[in-house]
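Note that the coordinates shown come from a computational prediction; the quantities given were computed from them, not determined experimentally.
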Amino acid sequence: MHKAVRSLVVSLTVAASVATSAGVATAATWSSSDQWATWSNGGYTIRNDVWGGGAGPQTIWANSYSNWGVWSNQPNTGGVKSYPHSAKNVGKKLSALGKVSSSFSVNRPGSGAYETAYDIWADNNAYETMLWMNKQGAVGPLGSKQTTATVGGHTWDVYKGSNGSNAVFSFVRTSNTNAGTVDVLAVLNWIRARGWFGDVTLGEVQFGFEITSSAGGLDFAANSYSVTTS
């Protein structure tokens, strides 16, 4: 076989094996390995969001804003490496909202270090509220535990802290779940009732996987995700 042809065959074989290991369905509507890759669909924005120091490769794919996933190969060096997610911007004050609800279903690996989490932003990113639906490995929220509360349809350990740029409220579900519905507005109003913030303007409701390590490459997928507001 001619050297150039042989090299092409090898390259195509490697590419095919990477696509297979990445869990990227050949019929996926969109995919990218760019760290800042974004795709808009149905009023949502999907982002690869590989932002952490020392991050490894990550390939994101999507069939829609609701059905998407990543293959991520992050070294076990500590610190968050990426937060691939789908996001819906709301852009209204809490007092102007009658409903903010979200449903999700995921497939996730049984190894690595990560959490499946909502990241909810308010008042031009001055306030960050995280809802940890499940967690795996050596991961933990910022700040100190304030209480345990049942709100929004789930029971959480609630933490309050800061990342140096904004206040962070973390609601860590007391048991892992891979599917469910969350009354997001009830959680935000619970925070408001405690005086931690006021009648803030709700920005993006993001949902995805905050990955600290996934050495060797692991597959994460959102089977479904949606946000309903009124």
Side chain [X], main chain [Y], donor-acceptor under 3.5 Å:
X    : Y    : answer
S214 : G112 : no
Y83  : W51  : no
Y114 : P109 : yes
N73  : G216 : yes
E210 : E115 : no
N67  : A222 : yes

On a heavy-atom basis, which atom in [X] and which in [Y] lie closest, and how many Å separate them?
X    : Y    : value
S101 : T181 : OG-CG2, 3.5 Å
D34  : N48  : O-ND2, 2.9 Å
P141 : V172 : CG-CG2, 3.9 Å
V227 : V100 : CG1-CG1, 4.3 Å
S95  : D199 : OG-OD2, 2.6 Å
V184 : S102 : CG2-CB, 4.3 Å

Nearest 0.5 Å, what's the [atom1]-[atom2] distance between [X] and [Y]?
X    : Y    : atom1 : atom2 : value
E204 : T45  : CD    : OG1   : 6.0 Å
N176 : N134 : CG    : CG    : 5.0 Å
N76  : K81  : CG    : NZ    : 7.5 Å
T228 : D183 : OG1   : CG    : 11.0 Å
F169 : L188 : CZ    : CG    : 10.0 Å
W121 : E128 : CH2   : CD    : 3.5 Å

Hey, any chance [X] and [Y] share a hydrophobic cluster, counting ILVMFWY side chains that come within less than 4.5 Å of each other, even indirectly?
X    : Y    : answer
V90  : I46  : yes
V187 : Y127 : yes
M133 : L185 : yes
V151 : V205 : yes
F197 : V168 : no

### Message
For K92, I'd like to know if atom NZ has over 12 heavy atoms of other residues, nucleotides or ligands within 6.0 Å.
### Response
no
### Message
Does any part of the side chain of V106, heavy atoms only, come nearer than 4.5 Å to the side chain of F209, both counted from C-beta?
### Response
yes
### Message
For a 4.5 angstrom cut-off between non-hydrogen side-chain atoms, does H85 reach D119?
### Response
no
#### Entry: D157 with K145: basic N within carboxylate O range, under 4.0 Å
yes
### Task
Begin with the C-alpha distance, continue with both residues' side-chain angles, and end with the deciding distance and a verdict on ring-ring contact (aromatic ring centres under 6.0 Å, His included) for F171 and W190.
CA-CA 11 Å; F171 290 69; W190 184 92; 5.6 Å; yes
### Query
So among S82, S32, S33, which one has a side chain to side chain donor-acceptor pair (under 3.5 Å) with Q58?
S82
Ring centres under 6.0 angstrom apart ([X], [Y]):
X    : Y    : result
Y44  : W68  : no
Y118 : F207 : yes
W39  : W61  : no

### Message
What verdict does the side chain to side chain donor-acceptor pair (under 3.5 Å) test give for S224 and S66, after you've listed the backbone C-alpha separation in whole Å, the side-chain angles of each residue and the deciding distance to 0.1 Å?
### Response
CA-CA 5 Å; S224 62; S66 180; 5.0 Å; no
### Task
Show your reasoning for whether side-chain contact (heavy atoms from CB on, under 4.5 Å) applies to T155 and T174.
CA-CA 6 Å; T155 300; T174 54; 3.9 Å; yes
### Message
Using side-chain contact (heavy atoms from CB on, under 4.5 Å), reason through F220 and S72 one step at a time and then give a plain yes or no.
### Response
CA-CA 8 Å; F220 303 77; S72 187; 4.3 Å; yes
